[in-house]
Amino acid sequence: MRIIVVGGGIGGLTTAIALRRVGIDVDVYERAPELGEVGAGIALAVNALRALSVLGLAGELQSEGIVPLQGGLRRPDGTVLASMAAGELAQNLGTVAVVHRAELLALLMRHVEPGCIHLGMRCVEVRQDLSGVTARFDTGETVRADGLVAADGLRSTVRAQLFDSPAVRYAGYTAWRTVVKSSDAGTTMGETWGRGRRFGIIPMAKGRVYWFAVKNAPEGQRDPSSGTKSVLAGLFRGWHWPVEALIAASSDDCILRNDIYDIDPLPQLVRGRVALLGDAAHAMTPNLGQGACQAIEDSVVLAVCLKSVDPIEKALLQYERRRLSRSRRIQLWSRRLGKAAQLENPILCGIRDFAMRMTPKKASLQQLGSLYGAEILTGDEEAQLKTSK
């Protein structure tokens, strides 16, 4: 079997690795002239780490950045709304690996044969018939294969062409993010919720901290010429330590600003011999930190379905059945969490904060456990992927 993967990001490369492990020939076609991840830090929760482990990548990830963390949610003055010790997090939710997105992409690239990656090729048309799929690229080249996986992101051209594609939806807020060197920021991973704005801190290995800031804003707004740091310093002046210190330690040139988008859940992820994966399938807001994690889950489930089920159309439908309800639930959960975190009305914010303080820790752990502890693969399927080459 031969599969075309459109898109060379985290989801596309993980898919290529997973498919090769089960004996499927795969070629990745990426529209950019070179592979590179624009972004800052990324937290890979235990659900993604388990999937990467069956692909033989866990050891390298551990060397990149697994750190013991404790979690917390605070008000801008530092008042704790919810907290969880490092031992509780590890025991109930498992390990978290926090790495730079560029480092994760480089790790994945090391496990994909270079000749399988084709750069500077934007897919402009996909056609399928009873015997296969043909993809046409803006270079004029056409490629034929048994099936096609669209991992081409939020604004997927394949989704727009073959599916009843929902409009990309602006969430109503924008985000800044970067990674800084900081030896004294502690090991508390968490967020601080204000009124229409919040700040997140995620310690990394090697003395680094990934931070992000979020604010309600009109779509397309940009920072003034006076600089991003000055804007953020004003937005978060007076917030508890180390918020202001992390902003001060950052470089204007390294702070990324992006408006936040998602899509409504799709009714299907498969059309014949074509399957959607990652953001192309279920683009979600980053509030649960599950965008890349869900793409990684997609990849291993797709591989075991294609390995064990014939014909390809039936295998892809099994992939759809196994992924559709879970990804939909996480999309909507992430959207609701973002709405709560970005409330501006002081009365509603007070009710929200009170509810967070009163929520039993056991209930929070159970809810998060349903996210991180879900069985994505059976034990036999994990064993198959671990032993396949």
Side-chain angles (χ1 to χ4, degrees), residues 5-12 15 29-32 37-39 122-128 133 135-138 148-177 196 198 212 214-222 256-295 297-298 302 316-317 319-321 323-344:
V5 175
V6 177
I10 292 170
T15 299
Y29 293 87
E30 165 60 39
R31 64 186 300 170
E37 183 65 57
V38 177
R122 182 171 66 90
C123 183
V124 294
E125 185 182 25
V126 174
R127 291 183 178 180
Q128 57 180 320
V133 178
R136 183 169 64 86
F137 298 89
D138 58 354
L148 182 144
V149 176
D152 52 343
L154 170 71
R155 304 181 190 277
S156 167
T157 57
V158 178
R159 186 184 70 225
Q161 182 185 154
L162 297 184
F163 294 76
D164 296 326
S165 183
V168 173
R169 187 194 72 97
Y170 178 53
Y173 42 89
T174 192
W176 297 264
R177 54 207 164 103
R198 58 186 149 133
F212 59 89
V214 187
K215 179 184 180 297
N216 294 346
E219 183 179 11
Q221 188 181 72
R222 299 268 62 92
L256 302 173
R257 178 175 179 173
N258 300 100
D259 288 344
I260 302 301
Y261 298 91
D262 67 1
I263 61 173
D264 289 329
L266 293 167
Q268 59 187 135
L269 305 181
V270 169
R271 281 286 176 87
R273 294 169 174 265
V274 177
L276 302 177
L277 182 142
D279 281 353
H282 41 65
M284 59 189 68
T285 59
N287 300 300
L288 287 172
Q290 280 290 302
C293 296
Q294 289 304 299
E297 283 189 11
D298 289 345
L302 178 66
L316 294 181
L317 285 174
Y319 157 77
E320 177 184 88
R321 284 193 296 269
R323 296 302 300 156
L324 197 60
S325 61
R326 176 166 167 80
S327 61
R328 176 188 179 90
R329 183 170 68 90
I330 295 172
Q331 274 182 287
L332 297 178
W333 184 359
S334 185
R335 184 182 290 184
R336 289 193 298 268
L337 182 62
K339 288 180 178 179
Q342 294 302 125
L343 288 172
E344 292 190 60

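- Annotation: the span from Leu316 atom CG to Gln268 atom CD amounts to 12.0 Å, rounded to 0.5 Å.
- Distance alone, capped at 3.5 Å, places no donor-acceptor pair between the Asp259 side chain and the Tyr170 backbone.
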CA sep, side-chain torsions, deciding dist, call: Arg326, Asp298, salt bridge (charged side-chain N to carboxylate O under 4.0 Å, His left out): CA-CA 10 Å; Arg326 176 166 167 80; Asp298 289 345; over 6 Å; no

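- Side-chain atoms of Gln290 never come within 3.5 Å of backbone atoms of Ile330 as a donor-acceptor pair (strictly under, hydrogens ignored).
- Here the shortest heavy-atom pairing between Trp176 and Arg257 reads NE1-CD, 3.3 Å.
- Between Val149 and Tyr319, every side-chain heavy-atom pair lies at or beyond the 4.5 Å cut-off.
- Gln331 has its side chain within reach of Ile263: a pair of non-hydrogen atoms, C-beta onward, lies under 4.5 Å apart.
- Taking Arg169 as the reference, Asp262 meet the salt bridge (charged side-chain N to carboxylate O under 4.0 Å, His left out) condition, with sequence neighbours excluded.
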Side chain to side chain contact (heavy atoms under 4.5 Å, CB included) evaluation trace for Gln128 with Leu148: CA-CA 9 Å; Gln128 57 180 320; Leu148 182 144; over 6 Å; no

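- The shortest distance between side-chain heavy atoms of Met284 and Trp333 does not fall below 4.5 Å.
- When atom types are taken as modelled, the side chain of Glu30 and the backbone of Gly7 share no donor-acceptor pair closer than 3.5 angstrom.
- Taking both residues in full, the closest heavy atoms of Ala151 and Gly11 are given as CB-C, 4.4 Å, listed atom of the first, atom of the second, then distance.
- Here the straight-line distance linking atom CD1 of Ile260 with atom CG of Asn287 works out to 8.0 Å at 0.5 Å rounding.
- Using a 4.5 Å heavy-atom threshold, the side chains of Arg271 and Val126 count as separate.
- Annotation: side chain of Pro267 is not in contact with side chain of Asp164 (no heavy-atom distance under 4.5 Å).
- Listed for the Arg159 side chain is no donor-acceptor partner under 3.5 Å among the backbone atoms of Ser165.
- By the 4.5 Å heavy-atom criterion applied to side chains, Arg31 and Phe137 are not counted as neighbours.
- Here the NE2-CD distance, from His282 to Glu297, works out to 8.5 Å after rounding to the nearest 0.5 Å.
- Of all the heavy atoms in Tyr173 and Thr285, the pair that sits closest is OH-CG2, 3.8 Å.
- Residues Ser156 and Asp279 have side chains not in contact (no heavy-atom distance under 4.5 Å, counting atoms from C-beta outward).
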Candidate pair Leu269 and Leu277, rule side chain to side chain contact (heavy atoms under 4.5 Å, CB included), full reasoning: CA-CA 8 Å; Leu269 305 181; Leu277 182 142; over 6 Å; no

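- Thr157 places no side-chain N or O within donor-acceptor distance of the main-chain N or O of Val124, the cut-off being under 3.5 Å.
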